[in-house]
Colleague: 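One structure, pasted below without further comment.
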Amino acid sequence: MPYCSPFGAFIHHVTHFSMDLTNRDSFGSKFGVIAAAAGSAIGLGNIWRFPYVLGANGGGAFLLIYLIFVVVIGIPVMMSEFVIGRSAQRNPYGAFRILAPGRPWYLVGIMGVAAAFMILAFYAAVAGWTMEYLYQSVVNGFSGKSAEEMSTMFDTFRSGSARPVIWFLVFMVMTSCIVMAGIQKGIEKYTKVLMPVLLLLLIALSIRSLTLPGAGEGLVFLFKPDFSKITGKVVLEALGQAFFSLSIGMGTLITYGSYIQKKERLGNTAVSVSLTDTFIAVLAGVAIFPAVFAFSIDPASGEDLVFKTLPVIFQQMPGGYFFSLIFFLLLAVAALTSTISVLEVVVANFTEEFQFGRRKATVLAALAISVLGIFASGSWSWFKELDIFGFSVFELLDHTSANYMLPLGGFFIVVFVGWFMGKPKVSGELSSNGMFPVRYYPLFLFIVRFIAPIAIALVFLNSLGLF
Ligand code: TRP
């Protein structure tokens, strides 16, 4: 039933196209797959979360570990998710049921749904902040403000009563409408144009940031590893950020994998998507850290870092009004293509497990997530006093899902592909049944069997201070 899912509709569209235009099909469909997966991966994780987590974890050394994790763990996990999804042709929960009947592997799918709940609750809250900043750009609310005033402005907004919650709910409604209506086809068409524009804007921002007086210090912070800063926590957060940014560990890309045509090369797709995502995150770092140091903002300030820094850079640019307008608009769109992919995981599971219709599944999922999200977006106002193990609701959702649930999911995903799926199935999927050479296969197998699971386990043990 391809039309039951927005992604299904989109991929179906591509398939249909390929039948009419035989000579263009491989480009069209390949780009479509990458655009869909990149649309999920590229979002607030790159532009909001990456700089804030890097800033709070000492800079360059974090970047180095992050890059190693993307290559050694991230790409193999992404390939494994594609392999599972395309071979089972199901959502994560159903995929494990089909590939391992009567075994408890489907629990990985259930953990994915739980992670999707938690991630969407705080992610859409941040997307709501983006909407407020889009609004402020429109009404010229940043005009003439100093770095300090800009910072106060954000604090006031976030600790003020209803506004952050209302924007959060607006964003949830937008996400739900798209998932429900399945107009992904249209959305993707725009994303293909808008994401390259976002990239160009990031480049413009980087140039402005790099030419500020004192910018060099920011580059040193970002790129020069200070190995004394590496702790168990830093390594854990780098791993969590890699999973979060690549949209892996939760089954989003199992779902997407099930829509990829048999003739696509899963390995190439995973590499392109991961490298694009990583490039955008690093570029966001280049745009933000020189300005952070030039304006004497604390790089370790936390999840408010980007919102306090970006408007100040726009103020310093000719045409800043338009730059900030377009930038926050595109950031909201980038966030939307990610929230859709997160909600889709929950909806796909609800429709499959409880036989709900798509509309009912979407409404129920969105309502339940909204309850949690109100607590998350109210973490600086109504629920300021709420303290769970020393964390606010927002911090708890952000921290637990990214640093623990996603890597744990990734651990089971690689172990499943490496040890349980069987070599013929895995290599058949990667090579599209022998259509492509997969010389990297022995290396891939070695990584998913040993390197990736052991690395994830070591990072966990290390963060508990066990050595
Ligand atoms: N990767 C997205 C971002 O960087 C967020 C996201 C979408 C996500 N789907 C996910 C994160 C699945 C973890 C798991 O903004």
Side-chain angles (χ1 to χ4, degrees), residues 6-7 35-54 66 69-70 73-74 77-78 80-82 85 91-92 108-109 111-130 171 175 178-179 184 187 191 195 198 202 237 239-257 270 273-285 303 306 330-349 365 369 397-410 413:
F7 306 109
S40 168
I42 299 166
L44 296 169
N46 306 61
I47 288 156
W48 159 73
R49 201 175 189 280
F50 174 78
Y52 115 62
V53 178
L54 181 135
Y66 175 81
F69 283 160
V70 166
I73 302 177
V77 172
M78 192 181 283
S80 301
E81 289 205 23
F82 284 156
N91 71 79
V108 181
M111 183 170 73
V113 177
F117 258 81
M118 295 168 64
I119 289 174
L120 198 51
F122 77 85
Y123 193 96
V126 181
W129 305 347
T130 309
F171 209 84
T175 306
I178 293 171
V179 168
Q184 183 71 4
I187 288 281
T191 340
M195 289 305 106
L198 181 65
L202 270 179
E237 300 233 342
L239 183 68
Q241 176 59 25
F243 271 81
F244 188 88
S245 191
L246 296 174
S247 294
I248 56 179
M250 186 187 97
T252 301
L253 298 182
I254 294 182
T255 314
Y256 276 56
V273 171
S274 302
L275 295 185
T276 310
D277 184 75
T278 305
F279 178 71
I280 293 196
V282 174
L283 194 60
E303 68 309 292
V306 178
L330 294 182
L331 190 55
V333 174
L336 194 59
T337 56
S338 300
T339 50
I340 294 164
S341 77
V342 182
L343 186 58
E344 175 68 17
V345 171
V346 183
V347 169
N349 278 270
I369 292 166
L397 294 172
D398 180 348
H399 185 257
T400 318
S401 60
N403 295 344
Y404 296 100
M405 296 171 83
L406 299 179
L408 195 63
I413 285 165

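Counting begins at 1 with the first residue of the sequence. Just so you know, ligand 1 is whichever comes first in the structure, and atom 1 is the first atom listed for that ligand. For clarity, every value in this text was computed on a predicted model and none was experimentally measured.
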Colleague: Got the closest protein heavy atom to atom 2 (C) of ligand 1, with its distance?
Modeller: Ser40 O, 3.2 Å
Colleague: Please report which non-hydrogen protein atom sits nearest to atom 12 (C) of ligand 1, along with the residue it belongs to and the distance in Å to one decimal place.
Modeller: Thr252 OG1, 3.2 Å
Colleague: Measure the distance from atom 5 (C) of ligand 1 to every protein heavy atom, then report the residue, atom name and distance (to 0.1 Å) of the closest one.
Modeller: Tyr123 CE1, 3.7 Å
Colleague: Mind checking whether Ile119 contacts ligand 1 via backbone (N, CA, C, O), side chain (CB onward), both or neither, at a 4.0 Å heavy-atom cut-off?
Modeller: side chain
Colleague: Kindly say whether Asp277 contributes a backbone atom to a donor-acceptor pair with the side chain of Asn46 at under 3.5 angstrom?
Modeller: yes
Colleague: May I have the step-by-step check of side chain to side chain contact (heavy atoms under 4.5 Å, CB included) for Ile47 and Leu202, ending in yes or no?
Modeller: CA-CA 9 Å; Ile47 288 156; Leu202 270 179; 4.2 Å; yes
Colleague: Of all the atoms in ligand 1, which lie at a distance below 4.0 Å from a heavy atom belonging to Val342?
Modeller: 7 (C), 9 (N), 10 (C)
Colleague: Looking only at distances, can you tell me whether any N or O atom of Ile42, backbone or side chain, sits closer than 3.5 Å to an N or O atom of ligand 1?
Modeller: no
Colleague: Under 4.0 Å from a heavy atom of Ser341: which atoms of ligand 1 are those, numbered in the order shown and with their elements?
Modeller: 7 (C), 9 (N)
Colleague: Just by distance, do the side chain of Ser40 and the backbone of Ser338 share a donor-acceptor pair under 3.5 Å?
Modeller: no
Colleague: Heavy-atom distance under 4.5 Å between the side chains of Leu331 and Leu44, does that happen here?
Modeller: yes
Colleague: What do we get for Ala41 next to ligand 1 when only non-hydrogen atoms under 4.0 Å count, side chain, backbone, both or neither?
Modeller: backbone
Colleague: Could you tell me whether the side chain of Thr130 and the main chain of Val126 form a donor-acceptor pair under 3.5 Å?
Modeller: yes
Colleague: List the steps, then state whether side chain to side chain contact (heavy atoms under 4.5 Å, CB included) holds for Glu303 with Trp129.
Modeller: CA-CA 11 Å; Glu303 68 309 292; Trp129 305 347; 4.1 Å; yes
Colleague: Looking only at distances, can you tell me whether any N or O atom of Ser247, backbone or side chain, sits closer than 3.5 Å to an N or O atom of ligand 1?
Modeller: yes
Colleague: Parallel, tilted or perpendicular: which describes the rings of Tyr66 and Phe50, with under 30° parallel and over 60° perpendicular?
Modeller: tilted
Colleague: Return the residue, atom name and 0.1 Å-rounded distance of the protein heavy atom closest to atom 11 (C) of ligand 1.
Modeller: Phe244 O, 3.2 Å
Colleague: Between Leu406 and ligand 1, find which residue part has any heavy-atom pair under 4.0 Å and reply side chain, backbone, both or neither.
Modeller: side chain
Colleague: With heavy-atom distances below 4.0 Å as the criterion, list the atoms of ligand 1 near Ser245.
Modeller: 1 (N), 4 (O)
Colleague: Is it the case that the side chain of Thr255 and the backbone of Gly85 share a donor-acceptor pair, with hydrogens and angles ignored and the cut-off at 3.5 Å?
Modeller: no
Colleague: Which of parallel (below 30°), tilted (30 to 60°) and perpendicular (above 60°) describes Tyr404 and His399?
Modeller: perpendicular
Colleague: Looking only at non-hydrogen atoms, find the nearest pair between Ala121 and Leu397 and report the distance.
Modeller: CB-CD1, 4.0 Å
Colleague: Please determine if Ile248 has a nitrogen or oxygen closer than 3.5 Å to a nitrogen or oxygen of ligand 1.
Modeller: no
Colleague: I need the atoms of ligand 1 closer than 4.0 Å to a non-hydrogen atom of Gly45, numbered in the order shown.
Modeller: 3 (C), 4 (O), 15 (O)
Colleague: For ligand 1, which is the ligand I care about here, please tell me if Met250 has any N or O atom under 3.5 Å from one of the ligand's N or O atoms.
Modeller: no
